[in-house]
> 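Mind looking over this structure? Questions follow.
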2 protein chains.
Amino acid sequence: MVSIKDVAREAGVSPQTVSNCINNPAIVKPATRTLVNAAIERLNYTPNASARRLRTQRSNTIAIGIAPVSYSPIYDPLLHALVTEADAHGIRVILYKTDSHQDEIRQFEQLIARGDVDAFVLVNTTHDDPRIAWLNEHRQTFVLFGRPWGRADMHEPDVPWVDVDGRAGIADVTRHLILHGCKHIGFIGWPGLSGTGMDRRLGWRQTMLDARMATPAELDQLSEDAENDIIAGQTACIALLDRRPDIDAIICVSDTIATGVALALPTDTDITVTGFDNTVSAQSLGIPSVAQPLAGAARELVRITQERLRARLAEAAAGNGADAAATVRPTDAGASGGTATGATPNGDTDDGKTGRTTLCGEPDRDHVLLTPTLALR
Amino acid sequence: MVSIKDVAREAGVSPQTVSNCINNPAIVKPATRTLVNAAIERLNYTPNASARRLRTQRSNTIAIGIAPVSYSPIYDPLLHALVTEADAHGIRVILYKTDSHQDEIRQFEQLIARGDVDAFVLVNTTHDDPRIAWLNEHRQTFVLFGRPWGRADMHEPDVPWVDVDGRAGIADVTRHLILHGCKHIGFIGWPGLSGTGMDRRLGWRQTMLDARMATPAELDQLSEDAENDIIAGQTACIALLDRRPDIDAIICVSDTIATGVALALPTDTDITVTGFDNTVSAQSLGIPSVAQPLAGAARELVRITQERLRARLAEAAAGNGADAAATVRPTDAGASGGTATGATPNGDTDDGKTGRTTLCGEPDRDHVLLTPTLALR
DNA sequence: CTGTTAGCGCCTTCAA
DNA sequence: TTGAAGGCGCTAACAG
């Protein structure tokens, strides 16, 4: 393995100058810099990560959990997006197993104690999640993918998250169908009080009401519940059509349910079916679907962890300085300005490029709701 | 962070003694050892991974790729199994992105140069895979999950792999159906020359012939091809039943196709459908399925990488010594004894516990074929 | 702007 | 059986 010394010798400078060329090029004289860079190129030098980590006490590594059974069809694409984004920042992604919350916390302890990780991405968080409490108690850096549904205040500065606005996605689908002349649009969602599920259903409900496509009483007729499997989707579809044979479109909360619906309908039907997650399965069946912007989500996940890490570092550095509070935790600005529900009124601004919705003009950089796109066929 | 010095002070010994307690307990006096262990416990000490890696020049890290789109429904469970097994050996798993073979090789270069990784798990390998050639040229340690189909010799010592014996799995299913009185057992497989697909089909064919359940001509009638989606499964099912209305069981090469078949059949049918991979989807539909032994596969993947790493280390150490060749590469023993096809005759031994099939009594530790289990409903 | 010094935490000699 | 010295590769602080 070629080390910084080899490069230094090759370029005829000291190891420190080589280091500077890499970590702080501005302070090196351009002539020397090109000299050194040429040597780096020639020797194909890459700094040793362990040595750098040991020296800087930063691992530049994000950890994300992997469960015994996949909790979502988008998990692999999410991992890929995260790895891609992290890679662009020189950050590695390491996996840890999540057999239970308790086991997961044990993994946290291990990873932290060994200095293997400096931030965590948490998935599938629940109301009063012990992992969140533990990480905050131990002053660790983390970010959730998915909102902490059920928390009284979803915009606490201590609990940053990135999520995809399922409600807006389903609202988009609904509007799209209305524009294409659909009159009686049904919805099949998940039963129970799942935050994600209720949020998506609300996207349909609200849009239907706003467009005066149905009365609240009619909406109840147009709505069905189904567990997340194909058979349940079929059953719900049949029940729905039985009650309302005039239906001309069915919006489903997931691609799995949409698959059941599509297969329950006669092949020559005019009824449009839509799904959520834009899985390969939905694609091969030609089902339009709401696609989560995973690259954008990954970008925000990495950004938030890095910003908070920086803030924590600054905080530590300012510990001896006097005016710590003034410069510290810039990411908290406006964090408490959000609403308890995380609602995103349609009138809010959207920067278009990232599809990020900002609340009330006061950007909350620690709680990011991304707008999904509609994958039509 | 608590370091080895803190423990040493706490226990009233030198840092080296603490180090010995951890890495070579045998040479420490029992009394001192318990003293030190108590201090470690009390301070909750864990050695810093970066420092250890820097010192030992071993990363104790395995890398596995993640593709933009999931190539298999078992990938998440595989990752979980791998992380679990690695964890038990004090090894970490890091992800790298695999956008193309060329990109993947670039990732290899990065990971190696930074000293982040000392072994790779390769998935989805193809005939004449450039990654395999590259890794061997650069003397890197790796192991494939899945056989290198299409290679002239699948038992080259340079190309170790772990795979699940799809043929045996499908043969098991076939025998099971025969035992339960099925007379006319159809098969729906993938079109084309996919090694995995052909192997699974062969499991059915051979078992049918051996049991005299059909003539070769009949087998052609009982066989269909389908792309790996639900609709194709439905279509193939209909074609099959059209040709052979007397069919009483349909074995499918995948759960996706099995799903299509199950949905194409009338609800009151007596025809049994089986799948492959035992996905949650198949489970919720009540489809019996062949389950891959992923924990066992992970165990073998880790074992092979570690053995080969050890061998490589010994080789390097013996570089100055004289009789290098004698002790080096113990894992190669019998490696060339396999057959070109990787066929596993039914009479071969099986150690039962791991479900591992050994070839001709000569264990080939670098080419492991695991026997899947049948998940009945 | 460049080089020297020192040390991150650990483990492998080798001496006591 | 235990301890002292040295260095893995890198970078922060300072001296030139």
Side-chain angles (χ1 to χ4, degrees), chain A residues 1-37 39-40 43-61 90 112-116 118 313-314 316-317 320, chain B residues 1-37 39-40 43-61 90 112-118 313 316-317 320:
Chain A
M1 281 297 80
V2 32
S3 92
I4 205 170
K5 281 185 185 169
D6 302 313
V7 179
R9 198 175 322 112
E10 175 82 9
V13 297
S14 81
Q16 184 53 39
T17 304
V18 178
S19 175
N20 286 337
C21 281
I22 295 163
N23 302 301
N24 200 356
I27 70 163
V28 179
K29 185 166 65 175
T32 319
R33 200 161 53 205
T34 45
L35 203 69
V36 170
N37 285 336
I40 288 177
L43 268 50
N44 209 347
Y45 166 73
T46 310
N48 178 292
S50 293
R52 176 177 275 180
R53 282 199 277 265
L54 177 59
R55 182 62 238 231
T56 61
Q57 301 287 66
R58 280 239 306 76
S59 66
N60 285 312
T61 303
I112 294 161
R114 307 181 92 101
D116 267 333
D118 42 30
L313 222 62
N320 23 11
Chain B
M1 281 293 82
V2 34
S3 93
I4 205 169
K5 280 185 185 170
D6 302 312
V7 178
R9 198 175 322 112
E10 175 81 9
V13 298
S14 82
Q16 289 62 32
T17 305
V18 178
S19 176
N20 287 336
C21 281
I22 295 164
N23 303 300
N24 199 357
I27 70 163
V28 179
K29 186 165 64 175
T32 319
R33 200 160 54 207
T34 45
L35 202 70
V36 170
N37 285 337
I40 288 177
L43 269 49
N44 210 347
Y45 167 71
T46 309
N48 178 291
S50 294
R52 178 177 274 179
R53 283 200 274 263
L54 177 57
R55 181 62 240 240
T56 61
Q57 301 288 66
R58 285 261 266 101
S59 68
N60 285 311
T61 303
I112 295 161
R114 307 179 88 103
D116 267 336
V117 150
D118 41 32
L313 222 62
N320 24 11

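A note on names: the letters A, B, ... follow the listed sequences, proteins ahead of strands, and every chain is numbered from 1.
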> In whole angstroms, how far is the C1' atom of dC10(C) from the CG atom of D6(B)?
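The answer, rounded to whole Å, is 13 Å.
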> So, does Q57(B) get its side chain near the phosphate of dC11(C), meaning an N or O under 4.0 Å from OP1 or OP2?
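Result: no.
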> Respond yes when some side-chain nitrogen or oxygen of T17(A) is under 4.0 Å from OP1 or OP2 of dG3(C), and no when none is.
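Yes.
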> Select base, sugar-phosphate, or nothing to describe what L54(B) touches, counting heavy atoms under 4.0 Å on all strands.
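The answer is base, as L54(B) lies within the cut-off (heavy atoms under 4.0 Å) of a base atom.
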> Is a donor from one side chain sitting under 3.5 angstrom from an acceptor on the other, for S59(A) and D118(A)?
yes
> Can you tell me how far C1' of dT5(C) sits from CD1 of I4(A), to the nearest Å?
15 Å
> Could you tell me from which nucleotide to which nucleotide of DNA chain D, 5' to 3', there is an atom under 4.0 Å from chain B heavy atoms?
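Going 5' to 3' along DNA chain D, contacts run dT1(D) to dG9(D).
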> Taking CG from N48(A) and C1' from dG9(C), how many angstroms apart are they, rounded to a whole number?
14 Å
> Using side-chain heavy atoms (C-beta onward) and a distance below 4.5 Å, is N23(A) in contact with R52(A)?
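Contact flag for N23(A)/R52(A) side chains = yes.
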> With a 4.0 Å cutoff (strictly under), does any side-chain N or O of T56(B) reach OP1 or OP2 of dC11(C)?
no
> Looking only at the side chains, is there a donor atom on one of Q16(A) and S14(A) sitting less than 3.5 Å from an acceptor on the other?
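Side-chain D/A pair, Q16(A) to S14(A): absent.
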> Whole angstroms only, please: what is the CE-C1' distance between M1(B) and dC10(C)?
16 Å
> Go nucleotide by nucleotide along DNA chain D from the 5' end; which of P30(B) and R55(B) gets its closest nucleotide reached first?
P30(B)
> Checking V18(A) against C21(A) for the side chain to side chain contact (heavy atoms under 4.5 Å, CB included) test, could you report, in this order, the C-alpha distance in whole Å, the side-chain angles of both residues, the deciding distance, and whether it holds?
CA-CA 5 Å; V18(A) 178; C21(A) 281; 5.5 Å; no
> For R52(A) and dG9(C), give me the distance from atom CZ to atom C1', rounded to whole Å.
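Going from CZ in R52(A) over to C1' in dG9(C) covers 18 Å.
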> In whole Å, I'd like the distance from the CD1 atom of I22(B) to the P atom of dC10(C).
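Computing the I22(B):CD1 to dC10(C):P distance gives 8 Å.
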> Does R53(B) come within less than 4.0 Å of D116(A), counting only side-chain N to carboxylate O?
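Counted as a salt bridge, because a side-chain N and a carboxylate O are separated by less than 4.0 Å.
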> Under a 4.5 Å cut-off applied to non-hydrogen side-chain atoms, are V36(B) and Y45(B) in contact?
no
> Measure from CZ on R53(B) to P on dC8(C) and round the result to the nearest Å.
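Whole-Å distance recorded here is 19 Å.
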> Taking C-beta and beyond as the side chain, do I4(A) and P47(A) meet within less than 4.5 Å on heavy atoms?
no
> Assign Q16(A) to base, sugar-phosphate, or nothing according to its heavy-atom contacts below 4.0 angstrom with the strands shown.
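Result for Q16(A) = base.
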> What is the separation between atom CG on D116(A) and atom C1' on dG9(C), rounded to the nearest whole Å?
14 Å
